[in-house]
**Q** 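Sending over a structure as structure tokens; questions will come in a sec.
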Amino acid sequence: STPLHAAVYACLTTSFFTLACTREFTIPSLTSFDPQMHVKVSDLCFEVDWHGFKVTVFRLPCTKSSHTGQDVYWVAQSGLADPEAALNNHLAINRLSPSDALFSWHHRMGVRVLTWSAFLKCSQGASDHAEMGELKGHGIHISGTLEYLLWGVPFDTVKTIGHWSSDSFRYLRKHAVIMAPYLQDQPVLEPFMCYALPK
């Protein structure tokens with residue numbers, strides 16, 4: 001319910017479900033915000049497919065893998081980790097202008113960008129409070145990837161969501177858990193095998 005916590009939680013859930021690097025949604029320092037390089041409130045839009053499914057899209061002006069930018073996206077989820085509820089809460093509490101960095105927050109000295117270090121410090125504080133241990137650099141990205149794979153989302157689809165140009169899963173952990181449904185004598189995910197494990 002505090003401005004910083006609302007911004008951090010919205011950034012966390014957005015990074016998790018878009019499979020984007022958290023640094024693509026945070027700013028390196030308090031004075032380094034560049035609207036040509038960093039995501040702004042105006043870079044947020046909504047699209048609806050022909051089934052009526054709403055998708056929230058974020059235009060990242062510049063990413064680690066693309067200097068011309070990329071779109072990343074998520075859909076609303078059920079439960080406490082719903083990125084839509086977190087984003088709506090953040091925008092309601094922080095009341096930002098379209099030109100502000102997306103996860104800026106109201107500090108007592110005015111609007112402040114969410115830096116990587118402030119994000120990490122606040123997230124680590126929450127992790128410590130929940131006794132979940134130390135956060136790692138790619139932990140949110142890896143956890144989001146693992147979540148989608150455990151839902152049974154095909155590898156190629158996860159690769160597309162994460163904008164991966166290679167087949168590398170080098171950062172991913174728990175390979176056995178991910179592969180377990182496919183390894184059964186009667187695979188649980190058999191109808192999707194041809195999509196998940198392409199020839």
Side-chain angles (χ1 to χ4, degrees), residues 1-48 54-130 132 134-144 161-163:
S1 61
T2 68
L4 175 59
H5 291 172
V8 167
Y9 192 60
C11 183
L12 173 69
T13 57
T14 290
S15 298
F16 183 87
F17 285 106
T18 61
L19 302 185
C21 176
T22 308
R23 288 182 187 266
E24 293 169 342
F25 283 110
T26 57
I27 311 302
S29 71
L30 291 175
T31 59
S32 62
F33 174 62
D34 179 349
Q36 302 301 314
M37 301 284 292
H38 301 114
V39 64
K40 305 170 297 301
V41 175
S42 61
D43 293 321
L44 167 68
C45 70
F46 306 96
E47 296 182 7
V48 179
K54 178 182 165 187
V55 180
T56 301
V57 181
F58 304 85
R59 179 67 187 163
L60 302 178
C62 183
T63 68
K64 184 178 175 182
S65 60
S66 172
H67 295 294
T68 59
Q70 293 176 320
D71 288 346
V72 295
Y73 33 81
W74 50 242
V75 298
Q77 304 292 321
S78 58
L80 293 175
D82 178 18
E84 183 174 66
L87 181 65
N88 289 341
N89 180 62
H90 158 62
L91 294 175
I93 288 173
N94 285 302
R95 303 175 316 279
L96 303 171
S97 73
S99 60
D100 286 328
L102 179 60
F103 295 111
S104 295
W105 57 285
H106 277 274
H107 183 267
R108 57 184 162 75
M109 303 293 286
V111 174
R112 179 172 280 188
V113 298
L114 180 61
T115 61
W116 165 248
S117 60
F119 171 83
L120 196 59
K121 181 179 179 182
C122 189
S123 299
Q124 187 61 59
S127 181
D128 290 346
H129 182 74
M132 295 176 62
E134 184 181 356
L135 294 176
K136 304 292 184 195
H138 289 287
I140 295 164
H141 186 78
I142 294 166
S143 297
I161 294 168
H163 294 281

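All residue numbers in this chain count up from 1 along the given sequence.
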**Q** Quick one: closest heavy-atom pair of Val111 and Ser104, and the distance?
**A**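 Scanning both residues completely, I find the closest heavy atoms to be CG1-CB, 3.7 Å.
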**Q** Flag the pair His107 / Pro3 as yes when at least one side-chain heavy-atom distance between them is below 4.5 Å, and no otherwise.
**A**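 Answer no - side chains too far apart.
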**Q** Measuring from atom CZ of Arg59 to atom OG of Ser42, what distance do you get when rounded to the nearest 0.5 angstrom?
**A**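 These two atoms lie 12.0 Å from each other.
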**Q** Which heavy atom of Ala86 sits nearest to which heavy atom of Ala10, and what is that distance?
**A**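 For Ala86 versus Ala10, the nearest heavy atoms are O-CB, 3.6 Å.
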**Q** If you compare all heavy atoms of His90 against all heavy atoms of Leu96, which two are closest, and at what distance to 0.1 Å?
**A**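 Closest approach of His90 to Leu96, heavy atoms only: NE2-CD1, 3.7 Å.
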**Q** From Cys45 SG over to Tyr73 OH, what is the distance, rounded to the nearest 0.5 angstrom?
**A**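 Output value for this atom pair is 12.5 Å.
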**Q** Hey, is the main chain of Ile93 close enough, under 3.5 Å, to the side chain of Arg95 for a donor-acceptor pair?
**A**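 Flag set: sc Arg95 to bb Ile93 pair under 3.5 Å.
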**Q** Compare all side-chain heavy atoms of Leu30 with those of Val113 and state whether any distance is below 4.5 angstrom.
**A**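 Result yes, sub-4.5 Å side-chain heavy-atom pair found.
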**Q** Rounded to the nearest 0.5 Å, what separates atom CG in Asn89 from atom NE2 in His5?
**A**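 Asn89 CG to His5 NE2: 12.5 Å, rounded to 0.5 Å.
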**Q** Test side chain to side chain donor-acceptor pair (under 3.5 Å) on Thr14 and Trp74; report intermediate values, then the result.
**A** CA-CA 7 Å; Thr14 290; Trp74 50 242; 3.1 Å; yes
**Q** Do Val39 and Pro61 come close enough that some side-chain heavy atom pair is under 4.5 Å?
**A**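 Val39 vs Pro61: side chains touch.
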**Q** How close do Pro35 and Lys40 get, heavy atom to heavy atom, and via which atoms?
**A**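 Taking Pro35 first and Lys40 second, the nearest heavy atoms are O-NZ, 3.0 Å.
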**Q** Taking atom CG of Leu60 and atom SG of Cys21, what is their separation to the nearest 0.5 Å?
**A**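 SG of Cys21 is found 10.0 Å from CG of Leu60.
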**Q** Which pair of non-hydrogen atoms, one from Gly144 and one from Phe16, has the smallest distance, and what is that distance?
**A**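 It is N-CE1, 3.3 Å.
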**Q** For this output row, return yes or no: ring centroids of Phe119 and Phe103 closer than 6.0 angstrom.
**A**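 No, ring centres 6.0 Å or more apart.
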**Q** Give me the atom names and distance for the closest heavy-atom approach of Ala20 to Phe25.
**A**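 So the two residues come closest at CB-CE1, 3.6 Å.
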**Q** Where the side chain of Asp82 meets the backbone of Glu84, is there a donor-acceptor pair that is under 3.5 Å apart?
**A**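 Yes.
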**Q** Would you check if Leu91 and Leu44 make a side-chain contact, meaning some heavy-atom pair closer than 4.5 Å?
**A**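 With C-beta onward as the side chain, the pair touches.
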**Q** Quick one: does Asp43's side chain have a donor or acceptor within less than 3.5 Å of a partner on Phe58's backbone?
**A**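 No; zero donor-acceptor contacts below 3.5 Å.
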**Q** Between His38 and Asp34, is there a donor-acceptor pair closer than 3.5 Å when you use the side chain of the first and the backbone of the second?
**A**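 Answer holds: yes.
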**Q** How long is the straight-line distance from OG1 of Thr13 back to CD of Gln77, given to the nearest 0.5 Å?
**A**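 Taking CD in Gln77 and OG1 in Thr13, the distance rounds to 10.0 Å.
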**Q** Can you confirm whether Arg112 sits close enough to Leu4 that some side-chain heavy atom of one is under 4.5 Å from a side-chain heavy atom of the other?
**A**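 When only atoms from C-beta onward are counted, Leu4 and Arg112 do not touch, as no gap falls below 4.5 Å.
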**Q** Are Thr56 and Phe17 close enough that some pair of their side-chain heavy atoms sits under 4.5 Å apart?
**A**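 No; the side chains remain at least 4.5 Å from each other.
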**Q** Could you tell me if the side chain of Ser97 sits less than 4.5 Å from the side chain of Val41, heavy atoms only?
**A**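 No, side chains not in contact.
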**Q** Have a look at Leu114 and tell me which of Leu102, Ile27, Thr22, Val8 forms a side-chain contact (heavy atoms from CB on, under 4.5 Å) with it.
**A**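 Considering Leu102, Ile27, Thr22, Val8, a side-chain contact (heavy atoms from CB on, under 4.5 Å) with Leu114 is found only for Val8.
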